[in-house]
Amino acid sequence: MASVTELIGQSVWDANGVWVGFVVDIRVIKHKGELQQSHTVYGLVVSSRRAPLMLGLTRDRDGGSTWFSQMVARIVYAGCTFVPWDNVHDYTQGEVHIDVLRKELNRV
């Protein structure tokens, strides 16, 4: 899998070759209780505006969020699209290609 720094900023294209936006954040699930803490990617947050400041803006060091962070997230992520990781077809050539249409994706 590509590292987070490689995915952030990549263009996302749908099944018909329509541009969806740029990857601005990656949603992960933490696996606690293991010897080495690991994470599983479950989706990408995509925006038509480049906003690298979004990465980690709404989460604290432990992955939690305060009421203020949740309020900021509603503003910052307004208009963003969530792409489930299961729909990512290819991400190896500096672009992310998904196997669904843009109109089928959910807004954040």
Any heavy-atom pair between the side chains of Thr40 and Val28 that's under 4.5 Å? no
Less than 4.5 Å apart, side chain to side chain, heavy atoms only: is that true for Ser11 and Phe22? yes
Candidate pair Leu44 and Asp25, rule side chain to side chain contact (heavy atoms under 4.5 Å, CB included), full reasoning: CA-CA 6 Å; Leu44 306 173; Asp25 203 356; over 6 Å; no
Decide yes or no for Ile26 and Val45: does some side-chain heavy atom of the first lie under 4.5 Å from some side-chain heavy atom of the second? no
Side-chain touch Phe82/Cys80, heavy atoms, less than 4.5 angstrom: no
Flag, side chain of Asn16 to backbone of Val18, donor-acceptor distance under 3.5 Å: no
Any donor-acceptor N/O pair, Gln10 side chain to Glu6 backbone, under 3.5 Å: yes
Flag the pair Val96 / Trp13 as yes when at least one side-chain heavy-atom distance between them is below 4.5 Å, and no otherwise. no
Those residues at least two apart in sequence (or on a different chain) that pass side chain to side chain contact (heavy atoms under 4.5 Å, CB included) with Ile29 are His31, Tyr42
Listed pairs under 3.5 Å, donor-acceptor, residues 99-108 side chains, sequence neighbours left out:
from, atom 1, to, atom 2, distance (Å)
Asp99, OD1, Asn87, ND2, 3.2
Arg102, NH1, Trp19, O, 3.1
Arg107, NH1, Gly79, O, 2.4

